[in-house]
Amino acid sequence: MKIKYELIKKSNETKARTGILHTNHGSFKTPMFMPVGTLANVKTLTAEELKAINCGVILANTYHLWLRPGENIVALAGGLHKFMNYDGPILTDSGGFQVFSLAKKKDITEEGVHFKSHIDGSKLFLTPELSIGIQNKLDSDIAMSFDECPPFPVTREYMTDSVDRTLRWALRGKNVHDNHHQSLFGIVQGGEYADLRRYSALKTVEIGFDGYAIGGTSVGEGKDTMYNMIDYAIDYLPTSKVRYLMGVGDPIDIIEGVIRGVDMFDCVLPTRLARHGNAFTKKGKINIRNAKYKDDFEALDECDCYTCKNYSRAYIRHLIICNETLGGRLLSIHNIRFLIKMTEDIRDAIASDNLLAYKEKFIKEYKNSIV
RNA sequence: GGAGGGAUAGCGAAGUGGUUAAACGCGGCAGACUGUAAAUCUGUUCCUUCGGGUUCGAUGGUUCAAAUCCAUCUUCCUCCA
């Protein structure tokens, strides 16, 4: 069975909407935030802990799992869900972003991308067919098209070629996609160019996918530019399909994305910040390493997560300062829960047509407070 | 009692006449992080009214110039009695 997006309610004050995405591994409400679990694990967390956080779907990575342990091992295990002991929905990213982020020397051709392994420097060649083939074997619920994620900024000429190439790659991927219970998403590119975003959206929809992503975001373009990137494309995506903004996870960006009509987000931010000693709180992001938390025995935030119910700032600070793994774990649990809870509140706000008021209140508290 | 080796910024440790307010590491204090080559990276860490001031166990000396050379003292470590 392919996924099915069920639209529940459209906001009457913004482009936001609530919905439910039905998958073979359960349904989840949207808007939703997806924690990133690149190597078939959300760093430091177990499947049980992710469940307890109430996260609806997680993301894993094609490129990384291709290299280690290899898609055949995952297939032998019975697919990604069994391999990693996670029975909820899983989305796999195509590896397009890895070509952008870790290959300093890459050769992008019509056929695919030549680049070097980040592990041993060996020569690799990734194509749309290969990426989709790997994802078929990984057996995630949602596969992503293999796209080119250009850096920012890039000339209009380059972006024009890139958008067309990504479209051809999307079609090639769709043509070889062979997993009847895995869905496939197309990715809209086009950088900061309004007409190219529109074109990319229209053409991607023309090919036809089970859901649509907006990519090429969060590559250093700045917030306003990123919001524009959404605006330029979103109206050309069908309301009957789910929309996913790739790589975005700053709390305020999530609200701005939802207001613009986005249903799904993913980001390494909550887990990476956690391992680096930072916590999201309603009153802004805090760095738990700061000396002022030395004897602060309060919870991180007013929050229902395991961490906040059981541990103090002073204790977590101590763990982080001492480089104890538990510190990063506890902060990861909290940070993910913070974003998941945020999407729960956002859904409620959409349901009661209070999203703009929610946004105003959230931003006011988040930005203007000194914790 | 004798012989030898040390004493450098919060700690460890380079430096052995000028380019040294003094490498580097740790610790401390802050910052960054947006489809994870990130439990990583960056800045800062004697005082300052930012002009400068005071440092390398202590005191005295040699020199234009000393953490660096000399003398004495204090103190620590190792070995021999």
Side-chain angles (χ1 to χ4, degrees), chain A residues 33-45 57-65 67-68 91-104 115-121 124 131 135 140 142-150 152 166 185 187-189 211-223 225-227 229 244-254 256-257 262 264-280 285-294 316-317 319-332 335 339:
Chain A
F33 174 78
M34 303 185 274
V36 176
T38 303
L39 282 159
N41 78 317
V42 175
K43 290 190 192 297
T44 76
L45 301 186
V57 47
I58 61 171
L59 180 147
N61 188 271
T62 301
Y63 164 80
H64 288 283
L65 293 174
L67 296 193
R68 295 186 300 203
L91 178 150
T92 42
D93 189 22
S94 64
F97 185 77
Q98 276 58 47
V99 171
F100 153 80
S101 72
L102 56 80
K104 33 193 179 300
F115 64 115
K116 289 184 172 179
S117 162
H118 72 287
I119 299 167
D120 60 5
L124 299 173
S131 172
Q135 295 185 73
S140 54
I142 299 168
M144 297 303 298
S145 288
F146 185 66
D147 64 332
E148 182 189 352
C149 180
F152 179 88
T166 287
F185 281 18
I187 303 175
V188 176
Q189 289 290 349
Y212 296 93
I214 295 170
T217 45
S218 60
V219 290
E221 71 276 16
K223 285 185 185 294
T225 303
M226 183 180 76
Y227 302 155
M229 288 171 171
Y244 160 30
L245 181 63
M246 306 187 77
V248 171
D250 178 88
I252 291 171
D253 292 347
I254 289 178
E256 294 292 351
V262 175
M264 293 164 65
F265 303 83
D266 83 281
C267 194
V268 304
L269 215 49
T271 44
R272 182 181 290 166
L273 287 180
R275 275 174 282 117
H276 295 173
N278 294 80
F280 292 132
K285 187 176 66 121
I286 66 170
N287 186 340
I288 204 69
R289 304 186 73 104
N290 288 177
K292 58 186 169 185
Y293 302 119
K294 186 165 36 181
I316 296 166
R317 174 176 193 271
L319 294 176
I320 290 289
I321 294 269
C322 296
N323 254 308
E324 283 295 326
T325 318
L326 183 58
R329 288 191 60 212
L330 292 175
L331 287 175
S332 291
N335 282 350
L339 294 183

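In what follows, chains are A, B, ... by sequence order, proteins preceding strands, each numbered from 1.
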Base, sugar-phosphate or nothing for [X]? Non-hydrogen atoms, less than 4.0 Å.
X	value
A/D147	base
A/E221	nothing
A/L326	nothing
A/G249	base
A/D266	sugar-phosphate
A/Q98	sugar-phosphate
A/G327	nothing
A/I187	base

* Asked: Under 3.5 Å, is there a donor-acceptor pair between the A/Y293 and A/N287 side chains?
  ->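 A/Y293 vs A/N287: no donor-acceptor pair found between side chains.
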Could you verify whether a donor N or O on one side chain and an acceptor N or O on the other, from A/Y244 and A/D266, lie under 3.5 Å apart?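 A/Y244 vs A/D266: donor-acceptor pair found between side chains.
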Is any side-chain nitrogen or oxygen of [X] closer than 4.0 Å to OP1 or OP2 of [N]?
X	N	answer
A/S218	B/rU34	no
A/R317	B/rC29	yes
A/N61	B/rU36	yes

For the NZ atom of A/K285 and the CG atom of A/N335, what is their distance to the nearest 0.5 Å?
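The distance works out to 10.0 Å.
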Spatial distance of atom NZ (A/K43) from atom CZ (A/R275) [nearest 0.5 Å]: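 Here the interatomic distance stands at 5.5 Å.
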Strand partner of [N], provided both Watson-Crick or wobble distances fall under 3.5 Å:
N	result
B/rU54	none
B/rA7	B/rU74
B/rC79	B/rG2
B/rA39	none

Check every atom of [options] against the side chain of [X] and return the nucleotide holding the closest atom.
X	options	answer
A/K223	B/rU36, B/rA37, B/rU34	B/rU34
A/A291	B/rA37, B/rA30, B/rA38	B/rA30
A/K43	B/rC33, B/rU36, B/rA37	B/rU36
A/T271	B/rA32, B/rG35, B/rU36	B/rU36
A/D253	B/rA39, B/rA37, B/rU34	B/rU34
A/H118	B/rC29, B/rA37, B/rA38	B/rA37
A/T325	B/rA37, B/rU36, B/rA39	B/rA39
A/L269	B/rU34, B/rA37, B/rG28	B/rU34
A/D250	B/rG35, B/rG28, B/rU34	B/rU34

Looking only at atom [atom1], what distance separates [N] and [M], rounded to whole Å?
N	M	atom1	answer
B/rU59	B/rU68	P	13 Å
B/rG35	B/rG31	C1'	25 Å
B/rU45	B/rA22	P	10 Å
B/rA23	B/rG10	P	14 Å
B/rU8	B/rC76	P	14 Å
B/rC33	B/rG25	C1'	25 Å
B/rA66	B/rU20	C1'	11 Å
B/rC11	B/rG28	P	15 Å

Q: Would you please determine if the base of B/rU40 is stacked by A/H276, with stacking meaning a centroid separation under 5.5 angstrom and planes under 30 degrees?
A: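 It does: the ring sits over the base of B/rU40.
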Rounded off to whole Å, could you give me the [atom1]-to-[atom2] distance for the [X] and [N] pair?
X	N	atom1	atom2	value
A/I286	B/rA30	CD1	P	13 Å
A/N323	B/rA38	CG	C1'	14 Å
A/I288	B/rC29	CD1	P	13 Å
A/R289	B/rU42	CZ	C1'	13 Å

| task | For residues A/L91 and A/S140, determine if any side-chain heavy atom of one lies less than 4.5 Å from a side-chain heavy atom of the other. | result |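 When only atoms from C-beta onward are counted, A/S140 and A/L91 do not touch, as no gap falls below 4.5 Å.
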I'd like to know whether A/E221 forms a side chain to side chain donor-acceptor pair (under 3.5 Å) with A/T217, so could you lay out the CA-CA distance, the side-chain angles of the two residues, the decisive distance to 0.1 Å, and finally the verdict. CA-CA 7 Å; A/E221 71 276 16; A/T217 45; 5.2 Å; no
Run A/F100 and A/F152 through ring pair (Phe, Tyr, Trp, His ring centres under 6.0 Å) and show every step you take.
CA-CA 11 Å; A/F100 153 80; A/F152 179 88; over 10 Å; no
Looking only at N and O atoms, is any donor in the side chain of A/N278 or the base of B/rC33 less than 3.5 Å from an acceptor on the other one?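 In this structure, the two groups form a donor-acceptor pair.
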